[in-house]
Amino acid sequence: MKKIVLGLAFLGFIGGVQAQEAADKKVQAGLIVGAGMNFAKMATKKIASAGAGADWTIGANLNYTFNETVGITTGVEFDFSTLKYDAVDNVYYRYNDNTILTQDEAAEAEGTFLMTSRSQKPIYLTIPVMALFRTNFIGYFRYFGKFGLRSSFLLANTVTDEGTAYVNGSGLDDPFINPNAGGTSTTNENMTHSKNDLDFFKSSVGIAGGAEWNFTGSTCLVAELGYYYGFTDIHRSRKDENTSLATSNAGGVDDTPSFFNNAVKQSQLMFKVSILF
């Protein structure tokens, strides 16, 4: 029994020495990977969210500590997201080849597309700035909470739509004029907008918590779970000339298309693992 007690005490002493080496560092930096889900809060009834989308994250984080328990987290992360929508009304857009045209460019269109579902895959550069609160090490482990902002900048965006394609010829071939126009069921893959449909900037406020394991020297393995509430519209909804989606008034007194914005605020639930040196 005495040997067991001495052995446990020795292991605790070694763990304390290792943990202190990590605890004394004012700056920790390393790589981070993550996965999660995003949730769309729709501000239009013409398009609905088609369930949770996916988020994948890779990047580098840095922790700067003012003392052993309080600090700040920042870094650079690349977010690869998927957004999924279903059309509720008959939603159309004009296009040329693989380019979706805006309201101002509609007269130049080669075709019209009736969209039934949409999958968007944006890539963002994200900069988190979060306050960091940590416990002291308990053996090899310490626990933490974070609170702050994740601000993202759009790098790229591709769109894949399911629906019906119409070739614009005479007026009878145009579904905006003739509600009985004939089209072809198809998939518009890897489409881009002539002007970005997604806004260049989005931001969210969030809270996260997790544990840090000091497994060797001053190197730590970190796991965290966070929820981030998006408070900015991720689509460009401030100017009419940027709109590309429209509902049809075909067969009515005025057959002019009714253009509208897809307004969405996006929240994220994310699990991340990082290694810090």
Side-chain angles (χ1 to χ4, degrees), residues 28-43 47 49-64 72-86 100 117-132 144-161 189-193 195-210 212 221-238 242 261-276:
Q28 291 176 294
L31 302 177
I32 185 168
V33 295
M37 298 180 293
N38 60 63
F39 308 93
K41 182 180 179 181
M42 310 298 295
I47 294 179
S49 172
D55 275 310
W56 301 93
T57 297
I58 186 169
N61 276 185
L62 181 145
N63 292 341
Y64 179 84
I72 190 170
T73 294
T74 186
V76 174
E77 300 173 4
F78 293 93
D79 288 348
F80 302 85
S81 298
T82 300
L83 313 174
K84 297 187 294 184
Y85 303 119
D86 286 332
I100 297 172
S117 65
R118 166 168 287 186
S119 173
Q120 290 188 250
K121 294 186 177 181
I123 301 173
Y124 289 97
L125 171 66
T126 298
I127 299 176
V129 179
M130 305 186 76
L132 173 65
F144 64 86
K146 296 179 182 180
F147 176 79
L149 297 174
R150 296 185 83 240
S151 298
S152 303
F153 304 89
L154 184 67
L155 299 180
N157 176 43
T158 58
V159 177
T160 297
D161 291 326
E189 295 185 279
N190 297 321
M191 303 292 287
T192 59
H193 285 81
K195 294 182 181 178
N196 281 334
D197 165 61
L198 292 178
D199 208 339
F200 174 69
F201 174 80
K202 71 172 184 176
S203 190
S204 58
V205 60
I207 187 169
E212 180 179 342
L221 184 66
V222 181
E224 68 177 78
L225 181 67
Y227 178 77
Y228 304 90
Y229 174 77
F231 57 87
T232 60
D233 191 338
I234 66 173
H235 290 274
R236 300 182 70 175
S237 59
R238 292 182 292 275
N242 292 328
N261 293 292
N262 186 17
V264 178
K265 291 182 180 178
Q266 182 191 61
S267 298
Q268 297 168 296
L269 180 67
M270 302 193 74
F271 176 74
K272 297 180 180 180
V273 175
S274 59
I275 184 166
L276 299 176

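Atoms considered below: every heavy atom in the structure, side chains included; atoms not considered: hydrogens, waters and symmetry mates.
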From [X] [atom1] over to [Y] [atom2], what is the distance, rounded to the nearest 0.5 angstrom?
X: Thr192; Y: Asp197; atom1: OG1; atom2: CG; value: 11.0 Å
X: Met130; Y: Leu149; atom1: CE; atom2: CG; value: 8.0 Å
X: Leu276; Y: Ile32; atom1: CG; atom2: CD1; value: 8.0 Å
X: Ser203; Y: Tyr229; atom1: OG; atom2: OH; value: 12.0 Å
X: Leu125; Y: Ile123; atom1: CG; atom2: CD1; value: 11.0 Å
X: Glu77; Y: Met270; atom1: CD; atom2: CE; value: 7.0 Å

State, yes or no, whether a side-chain contact exists between [X] and [Y] at a heavy-atom distance under 4.5 Å.
X: Leu154; Y: Asn196; answer: yes
X: Lys41; Y: Ser267; answer: no
X: Val205; Y: Phe147; answer: yes
X: Leu132; Y: Ile72; answer: no

How close do [X] and [Y] get, counting heavy atoms only, and between which atoms?
X: Asn38; Y: Ala54; result: ND2-O, 3.3 Å
X: Pro128; Y: Asn61; result: CG-ND2, 4.4 Å
X: Glu224; Y: Phe271; result: O-CD1, 3.3 Å
X: Asn157; Y: Pro122; result: OD1-N, 3.8 Å
X: Gly230; Y: Lys265; result: O-CB, 3.8 Å
X: Phe144; Y: Ala223; result: CZ-O, 3.8 Å

TODO: Start with the C-alpha distance between Asp86 and Ser117, add both sets of side-chain angles, then the distance that settles side-chain hydrogen bond (donor to acceptor under 3.5 Å, both in side chains), and finish with yes or no.
DONE: CA-CA 4 Å; Asp86 286 332; Ser117 65; 4.6 Å; no
Open item on the list: Is it the case that the side chain of Asp233 and the backbone of Val264 share a donor-acceptor pair, with hydrogens and angles ignored and the cut-off at 3.5 Å?
Closed with: yes
Open item on the list: Run Arg118 and Ile47 through side chain to side chain contact (heavy atoms under 4.5 Å, CB included) and show every step you take.
Closed with: CA-CA 10 Å; Arg118 166 168 287 186; Ile47 294 179; over 6 Å; no
Task: Val222 and Gln28: CA distance, side-chain angles, deciding distance, side chain to side chain contact (heavy atoms under 4.5 Å, CB included) verdict - done: CA-CA 12 Å; Val222 181; Gln28 291 176 294; over 6 Å; no
- [ ] Give every residue pair that meets the salt bridge (charged side-chain N to carboxylate O under 4.0 Å, His left out) criterion with at least one member in residues 200-209, sequence neighbours excluded.
- [x] none
- [ ] Please step through side-chain hydrogen bond (donor to acceptor under 3.5 Å, both in side chains) for the pair Thr126 and Asp79, ending with a clear verdict.
- [x] CA-CA 7 Å; Thr126 298; Asp79 288 348; 2.9 Å; yes
- [ ] Among Thr57, Leu155, Leu198, find the one that has a side-chain contact (heavy atoms from CB on, under 4.5 Å) with Tyr124.
- [x] Leu198
Open item on the list: Could you tell me if Asn63 and Thr73 have a donor-acceptor pair between their side chains, going purely by distance under 3.5 Å?
Closed with: yes
- [ ] Begin from the C-alpha positions of Ile58 and Phe80 and carry the test side chain to side chain contact (heavy atoms under 4.5 Å, CB included) through to its verdict.
- [x] CA-CA 9 Å; Ile58 186 169; Phe80 302 85; 4.0 Å; yes
Open item on the list: List the residues meeting side-chain contact (heavy atoms from CB on, under 4.5 Å) with Thr158, not counting sequence neighbours, and say none if there are none.
Closed with: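 If we apply the side-chain contact (heavy atoms from CB on, under 4.5 Å) test to Thr158, skipping adjacent residues, the hits are Lys121.
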TODO: Using the side chain to side chain contact (heavy atoms under 4.5 Å, CB included) rule, take Thr74 and Tyr64 through it: C-alpha gap first, then chi angles, then the decisive distance, then the call.
DONE: CA-CA 8 Å; Thr74 186; Tyr64 179 84; over 6 Å; no
